[in-house]
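Below, each value reflects all heavy atoms present in this structure, side chains not excepted, and no hydrogens, waters or symmetry copies.
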Amino acid sequence: QWCLCGRCEAMPTVPESVCCHEQARVAEKREERDGIQCITEHRGFQPVCLDEDVLATAYSSYRQHYGETLGNEWKRYTAYRQFVRWCYGHLGKDIRVPLPSCAVTTIRRTFFSVDYTGYREEGENRN
């Protein structure tokens with residue numbers, strides 16, 4: 001069993017099947033709060049990654065650089081970026097890290113779609 005937090009779900013690829021306990025920077029963020037087993041239980045996760053007003057503010061600057069996205073896609077995209085910024089800080093252009101399954105699952109449940117892109121390594125094209 002690869003999930004240690006109890007909230008992960010199987011993802012389509014091995015790089016996406018990672019728990020918040022497996023990534024050092026995410027684990028450090030999780031450990032800021034005693035008694036929580038999952039990064040999604042951290043008091044900062046909801047306002048940073050799930051609050052639509054916060055996401056709309058963050059998205060306005062991303063949109064200037066990357067173009068407009070419709071529906072829930074912009075919310076998920078921005079939530080993923082917010083999560084990375086919250087845990088890792090600024091990584092730089094085209095530097096990517098797979099997000100923990102528990103975080104991705106929570107974001108996807110909040111901002112549902114029938115189609116998901118999933119994690120892509122640097123240089124992979126969107127299909």
Side-chain angles (χ1 to χ4, degrees):
Q1 180 70 355
W2 55 273
C3 177
L4 300 173
C5 72
R7 294 189 178 207
C8 296
E9 292 184 6
M11 302 301 275
T13 66
V14 172
E16 293 174 279
S17 297
V18 61
C19 178
C20 63
H21 286 248
E22 296 180 82
Q23 294 174 314
R25 298 291 291 274
V26 178
E28 288 172 15
K29 179 64 73 176
R30 181 181 45 77
E31 291 166 0
E32 289 177 357
R33 301 288 169 236
D34 290 336
I36 64 171
Q37 291 299 310
C38 181
I39 192 66
T40 63
E41 298 171 345
H42 189 292
R43 71 177 186 190
F45 182 80
Q46 193 283 329
V48 170
C49 302
L50 303 179
D51 184 288
E52 290 192 41
D53 293 323
V54 171
L55 295 178
T57 301
Y59 178 67
S60 67
S61 69
Y62 300 145
R63 183 179 60 214
Q64 291 173 0
H65 299 287
Y66 301 104
E68 191 161 339
T69 305
L70 302 174
N72 278 337
E73 185 177 350
W74 74 267
K75 295 173 191 171
R76 282 192 313 279
Y77 170 79
T78 307
Y80 299 149
R81 289 183 64 110
Q82 288 282 97
F83 182 85
V84 170
R85 179 74 51 106
W86 182 51
C87 292
Y88 291 89
H90 180 72
L91 293 180
K93 185 175 172 77
D94 296 327
I95 299 173
R96 298 180 178 163
V97 293
L99 303 184
S101 171
C102 47
V104 171
T105 300
T106 301
I107 291 166
R108 285 181 177 179
R109 283 190 181 138
T110 305
F111 306 116
F112 180 77
S113 176
V114 294
D115 296 312
Y116 298 105
T117 302
Y119 175 73
R120 293 183 320 270
E121 295 286 344
E122 181 183 344
E124 285 185 56
N125 292 328
R126 266 190 169 170
N127 294 332

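Panel note: side chain R25, backbone Y88; a donor-acceptor pair is recorded below 3.5 Å. A donor-acceptor pair under 3.5 Å is absent between the side-chain atoms of R30 and the main chain of C38, judged by distance alone. Between the side chain of H42 and the backbone N or O of E31 there is no donor-acceptor pair closer than 3.5 Å. With Q23 contributing its side chain and P98 its backbone, the two residues share a donor-acceptor pair below 3.5 Å. With hydrogens and angles disregarded, a donor-acceptor distance shorter than 3.5 Å links the side chain of S60 to the backbone of T57.
Expressed to the nearest 0.5 Å, how far CD of Q37 lies from SG of C20 amounts to 8.5 Å. To the nearest 0.5 Å, the span separating CH2 on W2 from SG on C8 amounts to 4.5 Å. Distance check, rounded to the nearest 0.5 Å: SG of C102 to CZ of F45 gives 7.5 Å. Taken from CG in L99 to OG1 in T106, the straight-line distance is 11.5 Å, to the nearest 0.5 Å. Distance check: F83 CZ to W86 CH2 gives 6.5 Å after rounding to the nearest 0.5 Å. Taken from CD in E52 to CZ in F111, the straight-line distance is 5.0 Å, to the nearest 0.5 Å.
Side-chain contact between C5 and C19 is present, with heavy atoms from C-beta onward closer than 4.5 Å. Considering only heavy atoms from C-beta on, T40 comes within 4.5 Å of R7 through its side chain.
Each of Q82, K75, R81 was compared with T78 under the side-chain contact (heavy atoms from CB on, under 4.5 Å) criterion, and only Q82 meets it.
No continuous path of ILVMFWY side-chain contacts below 4.5 Å connects L4 to I36, so the two sit in separate hydrophobic clusters.
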### Query
For V104 and M11, what are the C-alpha separation, side-chain angles and deciding distance, and is it a side chain to side chain contact (heavy atoms under 4.5 Å, CB included)?
CA-CA 9 Å; V104 171; M11 302 301 275; 3.5 Å; yes
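When all heavy atoms are compared, the tightest approach of L55 to V48 is CD2-O, 3.8 Å.
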